[in-house]
Amino acid sequence: MWKSDAPIMCAECGDLLTLADWGGLCILCGHIFCLRHILIRDRVANCTSCEVARRNREEHGPISDIEADRVRRLLLRDVVGTVGPGHESAVTEPIARIRLFAADPTDFEQRVVDDVQQFLHDTYVDTSWPACPEHPHHPLWYSEGWWRCEESGKSAAPLGELGKLVIQLIKAA
């Protein structure tokens with residue numbers, strides 16, 4: 001674990017930071033800022049100096065608003081349709097964060113889905129999300145647009161269709 005006795009100061013104004021005025025770490029430049037010099041949008045922090053660069057990446061980068069919204073809509077449908085409402089921020093934050101650094105839409109989609117799945121496992125929302133219909137004690141894994149069972153190799157559902165899979169399984173039982 002890293003430890004330093006040096007005071008933590010805002011990179012913009014030089015003020016010593018306490019928990020009360022801690023703003024955050026800028027995702028782009030990596031510096032620490034006080035509340036006055038940090039902006040938080042979609043739960044992702046950047047400093048005021050990096051705001052133009054962030055907006056530029058969002059507007060002109062490889063991931064368009066349409067693509068980010070498509071992945072958000074489909075992944076939210078999967079999360080809400082399986083674990084229920086209340087976990088929407090688990091999708092919103094990685095969409096905003098990963099979008100800033102993704103190389104292309106396929107890379108973006110895979111990284112966001114992986115991040116959300118890992119979050120749901122790590123926070124014990126559901127440690128086998130999404131549960132495999134054939135083997136309910138292990139999760140399906142996402143690749144090439146589909147949720148798949150790694151054991152059998154079968155495709156279970158495309159992104160956004162997990163809720164329909166659950167309904168089908170309930171009706172078949």
Side-chain angles (χ1 to χ4, degrees), residues 11-12 22-123 125-126 128-133 139-150 153-168:
E12 180 77 16
W22 169 270
L25 183 72
C26 175
I27 193 166
L28 295 177
C29 70
H31 292 118
I32 298 170
F33 295 90
C34 67
L35 285 169
R36 291 188 322 263
H37 298 108
I38 201 83
L39 303 170
I40 300 174
R41 191 169 62 258
D42 294 329
R43 301 185 67 191
V44 176
N46 62 273
C47 67
T48 54
S49 298
C50 289
E51 178 64 7
V52 171
R54 179 177 177 177
R55 294 272 185 197
N56 189 45
R57 286 185 188 200
E58 291 169 340
E59 292 172 18
H60 305 292
I63 312 305
S64 67
D65 288 343
I66 292 169
E67 180 62 19
D69 290 341
R70 183 190 69 81
V71 172
R72 178 183 294 109
R73 180 178 41 81
L74 294 173
L75 192 51
L76 278 171
R77 189 182 309 159
D78 281 350
V79 171
V80 173
T82 54
V83 297
H87 305 287
E88 292 81 1
S89 64
V91 175
T92 302
E93 186 274 336
I95 293 270
R97 176 175 38 85
I98 294 169
R99 181 182 185 187
L100 295 172
F101 303 102
D104 60 65
T106 302
D107 170 63
F108 170 71
E109 180 175 301
Q110 184 68 52
R111 288 173 55 197
V112 169
V113 173
D114 290 348
D115 193 279
V116 170
Q117 184 175 32
Q118 192 65 55
F119 175 83
L120 294 175
H121 292 179
D122 290 351
T123 58
V125 170
D126 186 336
S128 60
W129 183 84
C132 175
L140 295 169
W141 297 101
Y142 186 75
S143 67
E144 299 174 353
W146 284 82
W147 290 103
R148 304 174 193 273
C149 173
E150 282 192 339
K154 292 181 183 176
S155 298
L159 185 63
E161 301 297 324
L162 283 175
K164 290 180 182 177
L165 176 66
V166 170
I167 292 168
Q168 290 171 354

How many angstroms lie between CZ in Arg54 and SG in Cys26, if you round to the nearest 0.5 Å? 9.0 Å
Which is it for Asp114 and Gln118 under the side-chain hydrogen bond (donor to acceptor under 3.5 Å, both in side chains) test, yes or no, and what are the steps along the way? CA-CA 6 Å; Asp114 290 348; Gln118 192 65 55; over 6 Å; no
Would you check, one step at a time, whether the test salt bridge (Lys or Arg N to Asp or Glu O under 4.0 Å) holds for Arg73 with Asp69? CA-CA 6 Å; Arg73 180 178 41 81; Asp69 290 341; over 6 Å; no
Please determine, by modelled atom types, if Ser155 and Trp147 share a side-chain donor-acceptor pair under 3.5 angstrom. no
Run Trp141 and Gln117 through side-chain contact (heavy atoms from CB on, under 4.5 Å) and show every step you take. CA-CA 9 Å; Trp141 297 101; Gln117 184 175 32; 3.1 Å; yes
If you apply the rule side-chain contact (heavy atoms from CB on, under 4.5 Å), what do you find for Glu109 with Leu159, and how did you get there? CA-CA 10 Å; Glu109 180 175 301; Leu159 185 63; 3.9 Å; yes
Should we count CD of Glu144 as having more than 12 external heavy atoms under 6.0 Å? no
Contacts satisfying side-chain hydrogen bond (donor to acceptor under 3.5 Å, both in side chains) that involve residues 25-42 (not counting sequence neighbours) are Asp15-Arg36, Arg41-Glu51, Arg41-Glu58
Can you list everything that forms a salt bridge (Lys or Arg N to Asp or Glu O under 4.0 Å) with Asp115? Sequence neighbours excluded, please. Arg97
Any side-chain heavy atom of Asp107 within less than 4.5 Å of one from Asp104? yes
side-chain contact (heavy atoms from CB on, under 4.5 Å) between Leu140 and Trp146, intermediate numbers included: CA-CA 9 Å; Leu140 295 169; Trp146 284 82; over 6 Å; no
Decide yes or no on side-chain contact (heavy atoms from CB on, under 4.5 Å) for Phe101 and Ile27, but give the supporting numbers first. CA-CA 10 Å; Phe101 303 102; Ile27 193 166; 3.7 Å; yes
For residues Thr92 and Arg43, is any side-chain donor paired with an opposing acceptor at under 3.5 Å? no
Between atom CG of Leu100 and atom CG of Asn46, what is the distance when rounded to the nearest 0.5 Å? 8.0 Å
Heavy-atom side-chain proximity of His121 to Asp126 below 4.5 angstrom: no
Who pairs with Asp65 by salt bridge (Lys or Arg N to Asp or Glu O under 4.0 Å), at least two apart in sequence or on another chain? Arg99
